[in-house]
Asker: 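Sharing a structure here in structure tokens format.
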Amino acid sequence: MRRAFRLLPIPFSIALALPAMAADEKPVSYALCPVQDAIPAFDGAPAAVAPKDQAAQRQQSQLLPTDVTGDTLNGNNIDGTANYQGNVRLIRGDQFLNADNLFLNQEEGTYTADGNVRYQDSGIRVIAKRASGNQNDDSHHIEDVQYQLISRRGNGVADTINMVGPQGELMGSTYTTCDPEDPAWQRWYLRSREIDVNTDEGFATAHNAVVRIGNVPILYAPWFKFPIDDRRQTGLLFPRVGLSGKNGLSYEQPIYLNLAPNYDSTLYPRYMSDRGVVFGGEFRYLYHGGEGKLEGAWMPSDDLVRRRARDYANALPGSGDENIYNDPLQDKNRGFFRFRGHHDLSSTWQARADFSWISDSRYLEDNGGISNGTNGGYGYATSALTSTVGIYGRSQYWNAGAETITYTSADYTVDKATLPYNSLPRLFFNYDRPVLDWLTVGFKSDLSRFDHSEKDGGSRLDLKPYVSLPLRGAAWFIEPGLAYRYTAYHLEQGLADQLGGDRSPTRSTPIATVDAGLFFDRDTQWGDTPYLQTLEPRLYYLNVPYRNQNNLPLFDTGDMTYSWGQLFRDNRFSGADRQTDANQLTLALTSRSIRQTDGLEKFNISLGQILYFEDSNVLLNQNSQPIEKGKSAWIVDSNYMPTDRWTLGASYQYDAKNSRADLISFRSRYLIGNDGVVNLSYRYRRDLLKQADLSFLYPINPVWSVVGRYYYSFQDNKVLEAIGGVQWDSCCLAVRLLGRHYVRNRQGDSDNQIQMEFVLKGLSSLGQNTDKTLRRGILGYYRDDLYLVPPSVASPDLDDNDDTGSDPF
């Protein structure tokens with residue numbers, strides 16, 4: 001028997017209320033989870049639609065008829081009743097309802113479905129004992145509900161669901177991403193006595209909600225409100241709880257404010273038992289032509305500062321302790337502010353800003369950074385915060401900009417006089433265009449005003465027109481180039497007096513280069529595998545006449561680190577205040593072995609050296625030494641993959657003239673299974689550092705793994721960081737326990753820390769952010785980290801601290 005009705009509006013999708021508040025903050029792996037669902041797919045149900053097509057499918061299904069079938073049908077056309085019995089099925093689009101019995105009264109609009117009630121659509125699969133209601137007044141009552149999500153992982157139960165129109169309530173509801181067959185102690189679930197729902201408004205309110213691991217309650221909330229769809233709603237987010245020797249017990253309760261579809265705010269009030277109260281917050285906005293984020297924090301009083309002042313007062317004169325405890329702060333407000341954003345002025349021009357402010361030079365050391373959320377003391381080593389505001393343009397052949405760059409001291413041990421000069425402002429324009437197949441012309445220009453609070457500054461104009469002839473063939477290239485660099489200054493009187501009295505010094509220098517290379521290749525084999533082996537010699541000649549530059553200031557210029565890239569640069573200084581003199585030739589050779597089956601580069605080696613035909617006498621300052629005629633240190637760099645899981649790399653710089661190694665670097669990575677990784681590296685730079693670094697994630701079995709890092713400085717005879725821990729990872733629950741010893745400031749003071757975190761997959765995490773510690777300390781802790789592409793500076797990431805779930809930003 002067959003008869004058509006509109007689909008009964010049984011609101012099983014209300015079971016999505018609990019999963020809606022599950023906002024994963026970190027990558028989640030369900031690799032340990034069984035394939036089977038808590039509720040298997042129903043026989044005869046339409047195929048599920050991919051999540052990206054659900055919205056279109058639902059709109060289309062509203063126009064489709066509902067087909068109702070059953071083994072038998074008893075009805076009365078007079079009063080409009082129909083009683084389906086035996087394997088009753090209702091189908092419309094991807095929506096499917098199956099029950100043993102279904103009674104309909106079209107005149108009164110009532111219905112009753114009982115006996116193995118089953119419902120499925122693209123988002124959810126449900127089993128219920130009984131469902132009844134009235135279609136005329138849109139009221140429904142469902143009993144003994146069990147549900148399984150399809151579009152995302154999750155399942156749960158509800159004692160009853162009552163709905164009247166868009167409003168309703170779930171009684172005795174649970175949600176988990178765990179499999180019901182898992183042992184109880186390996187599962188977590190969230191249970192709420194009552195959840196009030198409003199589907200029109202898109203939010204729900206939970207009463208007496210408890211998160212449990214096994215039978216142990218770990219989090220209780222008497223009341224909280226959360227969204228049940230993509231619409232944002234004002235309410236409380238999951239709290240953060242931590243414990244450390246510096247902060248004591250820490251509790252942070254984020255509060256999300258939905259202000260408009262294109263802007264919102266989150267407040268971060270935080271209490272630290274050993275330091276006091278912090279009021280933090282962020283504001284984000286988004287519009288067609290740009291986006292931005294403001295964040296900040298304010299501490300009305302920090303007990304950590306008072307403890308330091310007390311220790312300083314009690315330090316014995318001459319003991320050295322007074323230097324350790326010396327702190328310019330006494331008892332003042334502390335905080336930070338940061339704004340990042342951009343605005344598209346046109347398809348070519350964009351305004352961008354990244355502005356930061358901190359109240360004092362120990363703020364980063366004490367709080368681990370300038371970002372809201374749990375602070376971790378991750379050893380930030382920056383001595384200055386950089387703020388940039390400017391307008392930038394880019395086209396096919398040119399780029400230009402006008403910007404201001406300022407620096408704020410972030411290290412109280414560093415004299416403010418050593419901070420870089422501020423650029424107030426800097427204007428630049430660069431042009432590069434091939435005018436013929438064999439001719440390229442270009443122009444670089446920079447006009448900057450340099451200012452400093454502790455010393456005199458000035459202005460600088462730097463111009464560099466150039467021309468090159470890029471001649472290329474299938475196996476060769478040669479590119480001669482000629483440039484002319486003109487630099488002019490206007491200095492403040494005090495700085496001019498220090499440099500000889502000339503307030504308007506200039507420098508003009510021609511620069512000639514020739515870059516040439518050959519490409520040889522041949523087919524070869526390693527075992528039975530075909531490879532392409534290359535041999536790539538390269539020559540780079542540089543000629544720049546000497547110009548005395550001792551009367552020029554140093555605004556933004558320093559020595560470049562000697563490296564492979566430095567072999568092919570026309571200046572060994574950064575910035576425009578010094579232009580090296582040179583009569584030199586670089587000899588370089590590279591060879592590669594490329595597997596032809598997939599293009600993987602299994603081996604490469606590069607070596608190079610500079611031949612100095614004359615002394616290079618331009619100096620950075622009076623403490624620098626000229627480069628003598630002769631040969632530079634050899635640079636060798638090589639990478640080898642013994643297997644597809646094992647990578648070896650090494651770099652070496654050897655100064656033959658003085659028979660010494662200037663740099664030694666070794667690196668190795670081995671991938672274990674699907675998740676494990678071992679990293680080992682050694683770094684040596686003469687008179688600067690000598691360090692070894694071992695880090696690993698070693699899976700003992702599919703559930704247990706150990707993690708660690710040992711970072712040691714031989715030069716200082718000190719452990720810079722040591723991490724040791726164990727993690728247990730089940731289908732839906734992970735627990736991490738870490739011990740950490742690390743250097744926390746530039747004086748070399750060390751701290752010890754214990755971190756513990758419960759990761760409730762599909763919901764949130766409780767405890768300290770061990771993920772952040774491990775991801776920073778162990779390269780490849782998440783395998784995807786090995787292949788990440790750095791984000792564009794033109795599109796600042798506004799979601800690096802997002803805890804709000806669905807996010808239109």
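By convention here, the first residue in the shown sequence is residue 1. Hydrogens, waters and symmetry mates play no part in the numbers below; they use all other heavy atoms, side chains included.
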Asker: Mind running side chain to side chain donor-acceptor pair (under 3.5 Å) on N571 and T580 for me, showing each step along the way?
Answerer: CA-CA 5 Å; N571 194 10; T580 186; 5.0 Å; no
Asker: Which residues pass the salt bridge (Lys or Arg N to Asp or Glu O under 4.0 Å) test with R660, sequence neighbours left out?
Answerer: D655, D662
Asker: Can you find a heavy atom in the side chain of L567 that is under 4.5 Å from one in the side chain of Y540?
Answerer: no
Asker: Tell me every residue that passes side-chain contact (heavy atoms from CB on, under 4.5 Å) with V719, counting only those two or more places apart in sequence or in another chain.
Answerer: Y710, Y712, A722, H741
Asker: Counting N and O atoms only, with roles assigned by atom type, does the side chain of S593 sit under 3.5 Å from a partner on the main chain of F603, one being a donor and the other an acceptor?
Answerer: no
Asker: Test of understanding: with ring-ring contact (aromatic ring centres under 6.0 Å, His included), list the residues that count as partners of F568, not counting sequence neighbours.
Answerer: W564
Asker: Once ring-ring contact (aromatic ring centres under 6.0 Å, His included) is applied, do any residues pair with Y421, and if so which ones, sequence neighbours excluded?
Answerer: H452, F555
Asker: The criterion is side-chain contact (heavy atoms from CB on, under 4.5 Å); which residues satisfy it with S453, sequence neighbours excluded?
Answerer: none
Asker: Do any N or O atoms from the side chain of S273 and from the backbone of L249 form a donor-acceptor pair under 3.5 angstrom?
Answerer: yes
Asker: Report yes if the side chains of D274 and D303 come closer than 4.5 Å at any heavy-atom pair, otherwise no.
Answerer: no
Asker: Output every pair passing ring pair (Phe, Tyr, Trp, His ring centres under 6.0 Å) with a member in residues 675-697, not counting sequence neighbours, ordered by first then second residue.
Answerer: none
Asker: Do you know the tightest heavy-atom contact between K455 and A417?
Answerer: NZ-O, 3.0 Å
Asker: What do the steps show when you test L542 against D570 for side chain to side chain contact (heavy atoms under 4.5 Å, CB included), and what is the final call?
Answerer: CA-CA 7 Å; L542 173 65; D570 64 5; 3.8 Å; yes
Asker: Below 4.5 Å, heavy atoms only, C-beta onward: do S668 and W646 meet side chain to side chain?
Answerer: yes
Asker: Between N604 and R592, does the side chain to side chain donor-acceptor pair (under 3.5 Å) criterion hold? Intermediate values first, please.
Answerer: CA-CA 4 Å; N604 65 61; R592 314 173 199 270; 6.0 Å; no
Asker: For R685, enumerate each residue passing the salt bridge (Lys or Arg N to Asp or Glu O under 4.0 Å) test, keeping only those at least two apart in sequence or located in another chain.
Answerer: none
Asker: Under the ring-ring contact (aromatic ring centres under 6.0 Å, His included) test, which residues partner W298, sequence neighbours left out?
Answerer: none
Asker: Got a donor-acceptor contact below 3.5 angstrom from the T418 side chain to the D415 backbone?
Answerer: yes
Asker: Just so I know, are the side chains of Y742 and L720 near enough to count as touching, which here means a heavy-atom distance under 4.5 Å?
Answerer: no
Asker: Looking at M756, is its backbone amide N or carbonyl O close enough to the side chain of T770 to form a donor-acceptor pair, meaning the two atoms are under 3.5 Å apart?
Answerer: no
Asker: Could you go through the side chain to side chain donor-acceptor pair (under 3.5 Å) check for S606 and D637 one step at a time?
Answerer: CA-CA 5 Å; S606 299; D637 188 84; 5.9 Å; no
Asker: Just by modelled atom types, is the Y407 backbone N or O under 3.5 Å from a matching donor or acceptor in the N422 side chain?
Answerer: yes
Asker: Measure from the side-chain N and O atoms of D581 to the backbone N and O of N617, and report whether any donor-acceptor pair falls under 3.5 Å.
Answerer: yes
Asker: Can you list the steps and then say if R275 with S250 is a side chain to side chain donor-acceptor pair (under 3.5 Å)?
Answerer: CA-CA 9 Å; R275 296 183 61 183; S250 173; over 6 Å; no
Asker: Kindly give the heavy-atom pair with the smallest separation between A633 and Y562, and that separation in Å.
Answerer: O-OH, 2.8 Å
Asker: Do K631 and K657 touch side chain to side chain, with heavy atoms closer than 4.5 Å?
Answerer: no
Asker: Angle between ring planes, F336 versus Y363, binned at 30° and 60°: parallel, tilted or perpendicular?
Answerer: tilted
Asker: Once rounded to the nearest 0.5 Å, what's the spacing between atom CE of M560 and atom CG of L620?
Answerer: 12.5 Å
Asker: Would you say the side-chain atoms of R645 pair up with the backbone N or O of G673, donor to acceptor, closer than 3.5 Å?
Answerer: yes
Asker: Looking at side-chain heavy atoms only, is the closest gap between D729 and Q727 below 4.5 Å?
Answerer: no
Asker: R709: what forms a salt bridge (Lys or Arg N to Asp or Glu O under 4.0 Å) with it, not counting sequence neighbours?
Answerer: D693, E721
Asker: Show the nearest heavy-atom pair for residues S356 and L385, with the distance to one decimal.
Answerer: CB-CD1, 4.1 Å
Asker: If you measure from CZ on R683 to CG on L663, what distance do you get to the nearest 0.5 Å?
Answerer: 10.5 Å
Asker: Please check if any side-chain donor atom of D446 sits under 3.5 Å from a side-chain acceptor atom of S448, or the reverse.
Answerer: yes
Asker: Would you call D354 and R338 a salt bridge, taking side-chain N to carboxylate O under 4.0 Å as the test?
Answerer: yes
Asker: Any chance NZ of K629 has more than 12 other-residue heavy atoms, nucleotides or ligands included, within less than 6.0 Å?
Answerer: no
Asker: Just verifying a value: how many Å separate L733 CG and L760 CG, rounded to the nearest 0.5 Å?
Answerer: 6.5 Å
Asker: Taking atom types as modelled, is there a side-chain donor on D360 or Y412 under 3.5 Å from an acceptor on the other?
Answerer: no
Asker: If you measure from OG1 on T586 to CD1 on I610, what distance do you get to the nearest 0.5 Å?
Answerer: 4.0 Å
Asker: Under the ring-ring contact (aromatic ring centres under 6.0 Å, His included) test, which residues partner Y698, sequence neighbours left out?
Answerer: none
Asker: I'd like to know if the side chain of Q715 reaches the main chain of L688, judged simply by a donor and an acceptor atom lying under 3.5 Å from each other, with no hydrogens or angles considered.
Answerer: yes
Asker: Between the side chain of R578 and the main-chain N/O of L619, is any donor-acceptor distance below 3.5 Å?
Answerer: yes
Asker: Can we say K416 and E454 salt-bridge, meaning some charged N sits less than 4.0 Å from an Asp/Glu carboxylate O?
Answerer: no
Asker: Is it the case that the side chains of Y711 and Q691 hold a donor-acceptor pair, with the cut-off being a distance below 3.5 Å and no angle test?
Answerer: yes
Asker: Treating D302 as the side-chain partner and G276 as the backbone partner, does any N or O pair qualify as donor plus acceptor under 3.5 Å?
Answerer: no
Asker: Check whether any side-chain heavy atom of V677 sits under 4.5 Å from a side-chain heavy atom of L671, and report yes or no.
Answerer: yes
Asker: Can you tell me how far the OG atom of S574 sits from the CG atom of D559, to the nearest 0.5 Å?
Answerer: 8.0 Å
Asker: Can you measure from CD (Q549) to CZ (F573) and round to the nearest 0.5 angstrom?
Answerer: 7.5 Å
Asker: Can we say D644 and K602 salt-bridge, meaning some charged N sits less than 4.0 Å from an Asp/Glu carboxylate O?
Answerer: yes
Asker: Looking at residues at least two apart in the chain, or sitting in another chain, which of them share a side-chain contact (heavy atoms from CB on, under 4.5 Å) with Q498?
Answerer: L495
Asker: Just so I know, are the side chains of P553 and F450 near enough to count as touching, which here means a heavy-atom distance under 4.5 Å?
Answerer: no
Asker: If you look at every heavy atom in L697 and S705, which pair is closest and at what distance?
Answerer: CD1-OG, 3.7 Å
Asker: List for me each residue that meets salt bridge (Lys or Arg N to Asp or Glu O under 4.0 Å) alongside D456, sequence neighbours excluded, and say none if there are none.
Answerer: none
Asker: Report the C-alpha distance between E403 and R352 in whole Å, list the side-chain angles of each, state the deciding distance to 0.1 Å, and finish with yes or no for side chain to side chain contact (heavy atoms under 4.5 Å, CB included).
Answerer: CA-CA 9 Å; E403 64 181 2; R352 295 199 299 267; over 6 Å; no
